[in-house]
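Counting begins at 1 with the first residue of the sequence.
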Amino acid sequence: MHRRIIAPGALAASTLLLAIPASAASFSPGAPGIGDPYYPAYGNGGYDVSHYDLRLTYQPATDRLEGTATILAKATQDLSRFNLDFLLDVSEVRVNGAKASFASTGEHELAITPKSPLRKGAPVTVVVRYSGVPSEKQAYGFTSWHRTPDGGVAANEPEAAWWWFPSNDHPLDKATYDVSVQVPDGTQAISNGTLQSTTSRLGWTRWNWRSDKPQATYLATLALGRFDLTTGTTESGIPVVNAYSKDLGAHDGAARASLERTGEVADWLAGYFGPYPYNALGGYVPNTDTGYALETQTRPFYSPRQFANGSNVSVVVHELAHQWYGDLVSVRGWKDIWINEGFARYAQWLWSEHEGEGTAQELADYVYASHPADDPFWTVKPGDPGPEHQFDIAVYDRGALALQALRNEIGDEAFFAILKGWPARYAHGNASVADFRRYAEEVSGKPLAALFGTWLFQPSKPAAPAARAASVATAPDAPVRPRSWKKIAATNGVHEHGREHRRAHGH
């Protein structure tokens with residue numbers, strides 16, 4: 001609260017001002033985008049969300065979703081109007097208890113005008129009542145909602161929330177969540193965090209989930225269908241809930257043989273990245289025909305296709321590594337995607353070493369040697385790939401190669417100190433590639449601009465001298481393909497959806 005001392009001579013003028021309602025001129029609409037150059041319309045300005053309370057009812061036979069979202073936020077400017085990112089049909093909006101006017105605008109915006117404008121710093125409670133059939137909604141020519149034979153799933157990146165709850169849809173605005181979903185008896189509702197309770201009444205079962213640590217909107221997930229749930233506890237004491245669609249068919253055994261190692265993998269990763277950051281763990285495999293997996297916080301989404309050739313613990317390593325790199329520390333902007341993907345891929349390289357199927361150095365050598373200089377692979381800059389190449393294979397493989405080059409440059413002691421220290425430094429916040437470079441320089445005591453420039457930002461293959469300097473591909477012969485390569489490559493479709501929907505719909 002700002003107190004202003006008014007000189008006596010100004011009292012008359014100030015009294016006159018008090019008689020006039022606060023001028024609308026001092027209030028302005030919040031921006032319709034949060035300011036991310038890759039996705040200018042994503043997220044919104046003017047407020048910051050602290051909590052989402054979602055109370056939903058879902059009918060799997062018709063894919064109809066009804067909900068009441070209660071959003072707790074704070075105004076970050078004097079607001080006359082603000083936007084939420086949302087696609088379903090809205091019947092009522094209240095702001096601080098009073099009915100507000102609202103309208104759908106653009107591809108995915110819900111513009112809300114509160115009855116009284118909102119002062120900067122004021123707490124804001126927004127209640128949105130809505131309904132609709134998510135599988136019938138599209139924006140920019142695609143949908144992020146997966147209709148399944150027995151229900152539906154919300155899981156996609158960089159956008160998934162619009163199809164099931166109104167939000168400020170950008171990783172910069174993290175919040176805690178309570179997700180309560182009523183489904184017909186025999187159907188399960190899976191979400192993030194801990195299962196607080198289930199209650200049944202008159203043919204319906206209500207599932208109550210809670211995420212008590214800040215979570216980005218694209219990391220919130222909802223899976224509705226007929227699942228078999230398994231529960232357990234990691235050696236370090238974290239409860240694990242895994243869910244498998246009851247119609248996975250031939251993929252069922254391989255999926256379970258992979259996901260049931262979730263606790264083991266999380267404990268192993270903690271040795272590299274520091275203590276597991278949440279109080280819940282698990283994963284789910286719905287009966288979808290997509291090809292990707294996604295690091296939805298505490299409970300990653302896996303496509304059955306990940307297990308088409310047998311068990312694949314490597315993809316579990318990838319998604320769980322994201323719990324630190326991507327979830328605990330999230331991108332500041334979508335151009336910083338290397339902070340997520342390069343590290344999750346490098347975790348797979350470390351797992352390969354752990355399993356005796358090829359060292360990180362052998363994998364780095366193989367990546368370097370297997371892409372000739374004229375391969376478009378080298379034109380993608382992992383440090384700023386552009387929205388069309390955000391999930392390109394180069395962000396993963398070249399991104400991990402950059403980490404091996406960094407490791408060779410600064411030595412194992414500094415490198416592994418960075419891997420563990422970084423998630424602690426920016427825990428529950430956001431950071432950029434530039435922040436990471438500064439942190440790596442701070443820990444290693446070395447200038448790293450040239451190394452980062454070569455391996456993350458140069459749109460061509462680093463020449464042999466640079467590779468030799470980074471101890472990459474120093475052997476004269478073409479390196480042998482490491483045994484783990486096939487399983488690691490099987491996760492190359494991890495975020496294939498990014499390209500799928502853009503290629504299919506020209507977005």
Side-chain angles (χ1 to χ4, degrees), residues 49-60 65-73 125-130 151-155 160-161 164-167 174-234 236-245 259-260 262-263 266 275-286 294-301 319-320 323 327-328 428:
V49 179
S50 59
H51 185 72
Y52 292 95
D53 181 274
L54 309 175
R55 196 166 177 86
L56 312 171
T57 298
Y58 180 75
Q59 182 53 263
L65 182 71
E66 295 178 21
T68 301
T70 303
I71 303 168
L72 306 182
T125 302
V126 184
V127 177
V128 182
R129 293 183 187 277
Y130 59 93
V153 175
W164 67 288
F165 70 99
S167 70
K174 295 182 176 187
T176 53
Y177 286 74
D178 279 309
V179 178
S180 176
V181 192
Q182 183 173 260
V183 286
D185 290 348
T187 292
Q188 285 73 33
I190 312 299
S191 191
N192 315 77
T194 53
L195 182 60
Q196 301 290 100
S197 63
T198 55
T199 53
S200 291
R201 186 169 172 268
L202 301 175
W204 292 82
T205 302
R206 184 168 283 285
W207 297 71
N208 297 297
W209 297 88
R210 169 166 289 176
S211 298
D212 67 351
K213 293 285 191 292
Q215 176 175 288
T217 41
Y218 83 97
L219 298 171
T221 194
L222 182 65
L224 307 143
R226 298 177 72 85
F227 289 94
D228 178 39
L229 271 64
T230 66
T231 57
T233 310
T234 68
S236 57
I238 309 290
V240 183
V241 177
N242 291 323
Y244 306 92
S245 174
L259 264 67
E260 291 303 311
T262 289
Y276 178 72
Y278 307 112
N279 64 355
L281 189 59
Y284 72 95
V285 190
L294 181 66
E295 62 271 17
T296 40
Q297 193 160 305
T298 71
R299 190 147 294 109
F301 157 87
E319 301 311 331
L320 293 181
Q323 303 304 309
D327 297 11
L328 178 62
H428 306 299

Would you give the length of the straight line joining atom [atom1] of [X] to atom [atom2] of [Y], rounded to the nearest 0.5 angstrom?
X      : Y      : atom1 : atom2 : result
Arg55  : Arg206 : CZ    : CZ    : 4.0 Å
Arg210 : Asn192 : CZ    : CG    : 13.5 Å
Tyr58  : Trp204 : OH    : CH2   : 11.0 Å
Gln182 : Asn208 : CD    : CG    : 10.0 Å
Tyr244 : Leu229 : OH    : CG    : 9.5 Å
Gln215 : Thr217 : CD    : OG1   : 9.0 Å

Donor-acceptor pair, distance only, cut-off 3.5 Å: does the side chain of Trp209 make one with the backbone of Ala189? yes

Treating Thr298 as the side-chain partner and Gly193 as the backbone partner, does any N or O pair qualify as donor plus acceptor under 3.5 Å?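 Here the side-chain-to-backbone pair exists.
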
Mind running side chain to side chain contact (heavy atoms under 4.5 Å, CB included) on Val179 and Phe165 for me, showing each step along the way? CA-CA 10 Å; Val179 178; Phe165 70 99; over 6 Å; no

Search all heavy atoms of [X] against all heavy atoms of [Y] and return the closest pair with its distance.
X      : Y      : value
Ile190 : Ala243 : CD1-CB, 3.9 Å
Pro60  : Gly151 : CB-CA, 4.1 Å
Leu281 : Ala266 : CD2-CB, 3.7 Å
Phe227 : Ser245 : CD2-N, 3.4 Å
Gln59  : Pro184 : OE1-CG, 3.6 Å
Pro166 : Tyr52  : O-CE2, 3.5 Å

Would you check if [X] and [Y] make a side-chain contact, meaning some heavy-atom pair closer than 4.5 Å?
X      : Y      : answer
Ser180 : Trp207 : no
Thr187 : Thr205 : no
Asp185 : Ser200 : yes

Measure the acute angle between the ring planes of Tyr278 and Tyr276, then classify it against the limits of 30° and 60° as parallel, tilted or perpendicular. perpendicular

Can you tell me which residue among Asn242, Thr296, Thr221 is in a side chain to side chain donor-acceptor pair (under 3.5 Å) with Tyr284?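 It is Thr221; the other options fail the test.
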
Among Thr176, Asn279, Thr194, find the one that has a side chain to side chain donor-acceptor pair (under 3.5 Å) with Asp212.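 The single option meeting the side chain to side chain donor-acceptor pair (under 3.5 Å) with Asp212 is Asn279.
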
Tell me yes or no: between the side chains of Gln297 and Ser211, is some donor less than 3.5 Å from an acceptor? no

Using the side chain to side chain contact (heavy atoms under 4.5 Å, CB included) rule, pick out the option among Leu259, Val285, Leu294, Leu320 that qualifies with Pro300.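 Only one of Leu259, Val285, Leu294, Leu320 forms a side chain to side chain contact (heavy atoms under 4.5 Å, CB included) with Pro300, namely Leu320.
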
Determine, step by step, whether Glu66 and Leu56 satisfy the side chain to side chain contact (heavy atoms under 4.5 Å, CB included) criterion, reporting the C-alpha distance in whole Å, the side-chain angles of both residues, the deciding distance to 0.1 Å, and the verdict. CA-CA 6 Å; Glu66 295 178 21; Leu56 312 171; over 6 Å; no

